[in-house]
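Presented below is the structure to which this report refers.
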Amino acid sequence: MSVLDRFEKSVEGAVNGVFSKFGAKNDLQPVDLSSALERQIDSEAMPVGRDRTVAPNEYRFKLSTPDFDRIEQWGSETLANELADNLTKYAESQHYAFVGPVVVIFEEDLDLPRGEFKLTSESVQGNAAPVTAPSEAKDCPVLEINGRQYLLTAPKTVIGRGSNCDIVIDDPGISRSHLEIDITDSGVIARDLGSTNGTYVEGHQVPAATLLDGNTITIGRTRILFWASSAPQE
């Protein structure tokens, strides 16, 4: 099954089948946007060393008013998150690296005709860069979430269900802004952001806790593993 086939099936499952009702046959489809993202990342990825290729992590779609309105009605946040997740997986297969989390943004352009769009991209330094290549050697704390690792590259990293978070997790038990990870001189601290269901460290609900290497954080139904260093263990 191709990456695009998996993407279409994941989107369809996420919205209980409304993918097939996204629009008329000739209308702009989510899979068209996904294909455009893959072409964009391939054209903009740049080698920065012998074994490291960095790609843009922020992508902006300018859409006609009818297409923008349909995406808003369908669920723009869900689609943006699915597209970003799919692009991250594609980047892993191509051994691309990012300087921050992958973000997809939709904007309305009153001058564009229906069915057409413009796509731009840039590298934006973020708080949590997905590990997409084994050669990424910057030593900093790491979170492992649903089988994916994230380098904590800034003093504060916000985790939640909302698309404005540094790390977005699709879990209905997680609040839009659920948890903040602070890197301080005295240690790495997990702080609950007033979430509905709370934050648990090693099974204990806490408003805040200093993390130790190997600690497990639980929010909603999601388990997060914390590693104090990204350096290989000897």
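Hydrogens, waters and symmetry mates play no part in the numbers below; they use all other heavy atoms, side chains included. Since the model is a prediction, treat every value here as computed from it, not as a measurement.
- A continuous path of Ile, Leu, Val, Met, Phe, Trp and Tyr side chains, each step under 4.5 Å between heavy atoms, connects Leu152 with Ile169, placing both in one hydrophobic cluster.
- Proximity of a side-chain donor or acceptor of His178 to a complementary backbone N or O of Gly198 within less than 3.5 Å is detected.
- Heavy atoms only, all atoms of each residue included: Asn57 and Ser123 are closest at OD1-CA, 3.2 Å.
- In the hydrophobic cluster analysis, where Ile, Leu, Val, Met, Phe, Trp and Tyr join through side-chain heavy atoms closer than 4.5 angstrom, Val103 is grouped apart from Phe106.
- A donor-acceptor contact shorter than 3.5 Å links the side chain of Asp171 to the backbone of Thr222.
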Passes side-chain contact (heavy atoms from CB on, under 4.5 Å), Lys156 versus Asp182? Steps please. CA-CA 5 Å; Lys156 295 182 182 294; Asp182 296 341; 3.4 Å; yes
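- No continuous path of hydrophobic side-chain contacts links Ile189 to Val201 [ILVMFWY only; heavy atoms under 4.5 Å].
- From Phe226, atom CZ reaches atom CD1 of Ile181 across 8.0 Å, with rounding to the nearest 0.5 Å.
- Criterion: ILVMFWY side-chain heavy atoms under 4.5 Å apart, direct or through other members. Under it, Leu83 and Leu63 are part of a common hydrophobic cluster.
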As a quick check of understanding, evaluate side-chain contact (heavy atoms from CB on, under 4.5 Å) for Ile219 and Asn197, giving each step before the final call. CA-CA 7 Å; Ile219 54 176; Asn197 296 322; over 6 Å; no
Check the pair Gln40 / Ser121 against side-chain hydrogen bond (donor to acceptor under 3.5 Å, both in side chains), numbers first and verdict last. CA-CA 8 Å; Gln40 181 77 3; Ser121 60; 2.9 Å; yes
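- Residue Ile159 forms a side chain to side chain contact (heavy atoms under 4.5 Å, CB included) with just one option from Leu143, Val168, Asp166, and that option is Leu143.
- Side-chain contact between Tyr59 and Thr120 is absent, with no heavy atoms from C-beta onward closer than 4.5 Å.
- Gln94 is not listed as a side-chain neighbour of Ile41, based on a closest heavy-atom distance of 4.5 Å or more.
- Here the closest heavy-atom approach between residue Thr216 and residue Glu202 is recorded as N-OE2, 2.6 Å.
- A donor-acceptor pair is defined here as one N or O able to donate and one able to accept, closer than 3.5 Å; such a pair exists between the side chain of Arg161 and the backbone of Ile174.
- The line from CD of Gln73 to CZ of Phe68 is 11.0 Å long, rounded to the nearest 0.5 Å.
- Between the side chain of Thr196 and the backbone N or O of Ser175 there is no donor-acceptor pair closer than 3.5 Å.
- Residues Phe98 and Pro56 approach most closely at CE2-O, 3.2 Å, considering heavy atoms.
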Show your working on side-chain contact (heavy atoms from CB on, under 4.5 Å) between Tyr96 and Asp42 and close with a plain yes or no. CA-CA 9 Å; Tyr96 297 151; Asp42 285 338; 2.8 Å; yes
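- Minimum interatomic distance between Gly203 and Tyr200 (heavy atoms only, all atoms of both residues): O-CD2, 3.8 Å.
- Residue Leu119 is not grouped with residue Leu112 when hydrophobic side chains (ILVMFWY) are merged at heavy-atom distances under 4.5 angstrom, including chains of intermediate members.
- Atoms CD1 and CG, on Ile167 and Asn146 in that order, are 11.0 Å from each other to the nearest 0.5 Å.
- Between the side chain of Asp32 and the backbone N or O of Gln29, at least one donor-acceptor pair lies under 3.5 Å.
- Ser76 and Glu72 make their closest contact through OG-OE2, 3.0 Å (heavy atoms, listed as atom of the first residue, atom of the second, distance).
- The structure places CD of Glu44 at 11.0 Å from CD of Glu122, a figure rounded to the nearest 0.5 Å.
- The two residues Leu179 and Arg191 have their closest heavy-atom pair at CD1-O, 3.3 Å.
- A distance of 10.0 Å separates CG in Asp69 from CZ in Arg114, rounded to the nearest 0.5 Å.
- Contact annotation: the side chain of Glu180 approaches that of Val158 to within less than 4.5 Å [non-hydrogen atoms, C-beta and beyond].
- The residue from Ile105, Val104, Leu28, Asp67 that alone fulfils the side chain to side chain contact (heavy atoms under 4.5 Å, CB included) condition with Phe61 is Val104.
- One finds the CG atom of Asp170 at 7.0 Å from the CG atom of Asn81 (value rounded to the nearest 0.5 Å).
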